[in-house]
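If you're wondering where the values come from, they're calculated on a predicted model, not measured in any experiment. Order of appearance sets the numbers: ligands from 1, and atoms from 1 within every ligand.
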Amino acid sequence: MTMKKLYIETVGCQMNLLDSELVVASLRKEGYELTPSTADADTVLFNTCSVRQHAEDKIYSALGRLKNAKREMPDKVIGVMGCMAQKDQRLIFQRAPYVDLVVGPGQLHQVPELVRQARENPGEQRLEVSLGRKDGAVDSIKRSHESFDPLRDPSMRPTPFQAYVRIQIGCDKFCTYCIVPSVRGPEQSRPPSQIVAEARQLVSEGCKEITLLGQTVNSWRHTEDGRAWRFSDLLYALHEVDGLERLRFVTSYPKDMTDDVLEAIRDLPKCVKYLHVPAQHGSDEQLKLMKRGYTIAEYREMHDRAKRWMPDVAVTSDFIVGFSGETEEQFQMTMDLVRECRFKNSFIFKYSERPGTKSADRLPDDVPDEVKKRRNNELLALQNEISEEDNQRFLGQRVEVLVEGPSKKQPQREEGDPAVQLMGRTMCDRIVVFDGNPRQIGQTMPIAIYDANAHTMFGAVVTEHVTPEVVPLAVPTQA
Ligand code: 5AD
Ligand code: SF4
């Protein structure tokens, strides 16, 4: 079989990373191999995100750059998949008439067939998307958003010992600024038997760490064979999988961080002590406009409970600055919340009005861009300060790191030096970089930390001959 070449570009969240991985695996079965350049690709796919305007602009410019390439190589198949495909649909053909395929996140299982058809019938455009939230009965809308979760060959996963497992698709929270409920459809949970079977399969193939994915992952619930499962029940069931070492999950919804969930995380040693629970804002008035469904007092209570039960837990958050009508005083309340909760990390976004959302329909996007920028920078500077101080607490301590692979930036080395710089994560999701050997990838290693900045800790592998005085062993290994 002659190999065909696939170029794929992915923007957005972990859900998109998983979708791309699965699409690549399904095309590999059809004889495709990956290429890093669009120039020599037979098929070019973009897996897109609609959460902010910027992510869409990036894809439309990338498409613009392909115009000439398509003219010169008309049988190059160009496809747009994911959230922007669902949101913009035919508009994509209007803006880039040389695009062959537009495929929503609920139709990804059709990609190999659609690419084949496009190759056989050049010039015919194909659009496969789900029903909109108002385009029919709830059941048919749900059915039109099909979860794509085939088993994948271990050699087709980005790393053999880590994997994402989707447990939920869609979202029903309808935060007013957010496009996700309309492009990813109604919240639907996958049955626990399927999730556990997928986890067992992955672990039997050498996977050590599983990350459960859902827009509001801890809201997952499912009734199967008469038994009502909660998210915590699922954590207990997955914890039983022999050979699994770490169980992670993103993204959590504050209101659903119930006692049973925190208890499970606390009591299950394989559960990472890391919670990504976006607060989005520090002011009740803004939270109400965002329709987040909780008050700051409730968020604080949840945060305090998590910290009380697990003093070492790392909590991270997302924040939106410059949402409709945000006053300086309200923004300062977000700063106060960050100061008080001392998040391990925060992802900060300038409000980006999304057509089709409630806030775009009803609330003015009235904070000037310079103000959004300034608030973004101010909040980021505060968060960085906190992250750095927080990471510095680990200086001189020993942490357990699951080694993920080579670090992005490799330092210059003398010729013949076989060491590589590796990166891994602690049980609290802190990134650690150290010199090691590629053999160590996939292992859990003790690392002594000697330096730290806001985003990374630097360490050295603890070897037998390192004396306990240099690296005290009686320090938290639950980092
Ligand atoms: N503008 C800016 N940020 C947004 N997010 C979601 N929608 C928007 C928007 N319209 C942010 C939220 C969410 C994260 C994934 O993206 O903080 O948690
Ligand atoms: Fe968007 Fe809110 Fe759902 Fe998160 S919980 S995906 S912010 S609607």
S.K.: Do me a favour and list the nearest non-hydrogen protein atom to atom 7 (N) of ligand 1 with residue, atom name and distance?
M.R.: Tyr177 CD1, 3.3 Å
S.K.: Checking the N or O distance criterion of under 3.5 Å, is ligand 1 in contact with Tyr351?
M.R.: no
S.K.: Report yes or no: does Arg184 have a heavy atom closer than 4.0 Å to ligand 2?
M.R.: no
S.K.: Would the number of heavy atoms belonging to other residues, nucleotides or ligands and lying under 6.0 Å from CZ of Arg339 be above 12?
M.R.: yes
S.K.: Test of understanding: given a 4.0 Å heavy-atom threshold, classify the contact between Thr216 and ligand 2 as side chain, backbone, both, or neither.
M.R.: side chain
S.K.: Is Arg52 positioned over the aromatic face of Phe349, cation under 6.0 angstrom from the ring centre and no more than 45 degrees off axis?
M.R.: yes
S.K.: Think Arg95 forms a cation-pi with Tyr60, using NZ or CZ under 6.0 Å from the six-ring centre and within 45 degrees of its axis?
M.R.: yes
S.K.: Would you say the side-chain atoms of Asp57 and Gln53 include a donor-acceptor pair closer than 3.5 Å?
M.R.: yes
S.K.: Checking Lys358 side chain against Cys175 main chain: does a donor-acceptor pair fall under 3.5 Å?
M.R.: no
S.K.: Suppose I only count heavy atoms of Tyr177 and a 4.0 Å limit; which atoms of ligand 2 are within that range?
M.R.: 7 (S)
S.K.: Output yes when a side-chain donor or acceptor of Asp366 lies under 3.5 Å from a complementary backbone atom of Gly325, and no otherwise.
M.R.: yes
S.K.: In terms of residue, atom name and distance, what is the protein heavy atom nearest to atom 15 (C) of ligand 1?
M.R.: Asp318 OD2, 3.8 Å
S.K.: List the closest protein heavy-atom neighbour of atom 2 (C) of ligand 1: residue, atom name, distance to the nearest 0.1 Å.
M.R.: Lys350 O, 3.3 Å
S.K.: Val51 heavy atoms, cut-off 4.0 Å: which ligand 1 atoms fall inside?
M.R.: 4 (C), 5 (N), 6 (C), 7 (N), 8 (C), 9 (C), 10 (N), 16 (O)
S.K.: List the closest protein heavy-atom neighbour of atom 4 (C) of ligand 1: residue, atom name, distance to the nearest 0.1 Å.
M.R.: Arg52 NH1, 3.5 Å
S.K.: Please write down residue, atom name and distance for the protein heavy atom closest to atom 1 (Fe) of ligand 2.
M.R.: Cys178 SG, 2.2 Å
S.K.: Are the aromatic rings of Phe331 and His281 close, with centres under 6.0 Å apart?
M.R.: no
S.K.: Can you name the atoms of ligand 1, numbered from 1 with element, that are less than 4.0 Å from a heavy atom of Arg354?
M.R.: 10 (N)
S.K.: Are Glu353 and ligand 1 in contact, using a heavy-atom cut-off of under 4.0 Å?
M.R.: no
S.K.: Think Lys291 forms a cation-pi with Phe174, using NZ or CZ under 6.0 Å from the six-ring centre and within 45 degrees of its axis?
M.R.: no
S.K.: Check ligand 2 against Cys171 and write out every atom of the ligand that is under 4.0 Å from a heavy-atom position of the residue.
M.R.: 3 (Fe), 5 (S), 6 (S), 8 (S)
S.K.: By number and element, which atoms of ligand 2 are closer than 4.0 Å to a non-hydrogen atom of Pro181?
M.R.: 8 (S)
S.K.: Of all the non-hydrogen atoms in the protein, which one sits nearest to atom 2 (Fe) of ligand 2, and at what distance?
M.R.: Cys175 SG, 2.3 Å
S.K.: Is the shortest heavy-atom distance from the side chain of Val102 to the side chain of Met81 under 4.5 Å?
M.R.: no
S.K.: Against heavy atoms of Arg292, which atoms of ligand 2 measure under 4.0 Å?
M.R.: 2 (Fe), 5 (S), 7 (S)
S.K.: For Gln280, counting its heavy atoms only, list the atoms of ligand 1 lying under 4.0 Å from any of them.
M.R.: 12 (C), 13 (C), 17 (O), 18 (O)
S.K.: Is there a donor-acceptor contact under 3.5 Å from the side chain of Gln162 to the main chain of Ile210?
M.R.: no
S.K.: Do me a favour and list the nearest non-hydrogen protein atom to atom 10 (N) of ligand 1 with residue, atom name and distance?
M.R.: Ser352 O, 2.7 Å
S.K.: Hey, which atoms in ligand 2 end up nearer than 4.0 Å to a heavy atom of Lys173?
M.R.: 5 (S)
S.K.: Does the gap between the ring centers of His276 and Phe343 come in under 6.0 Å?
M.R.: no
S.K.: Can you tell whether the side chains of Lys372 and Asp365 come within less than 4.0 Å, N to carboxylate O?
M.R.: yes
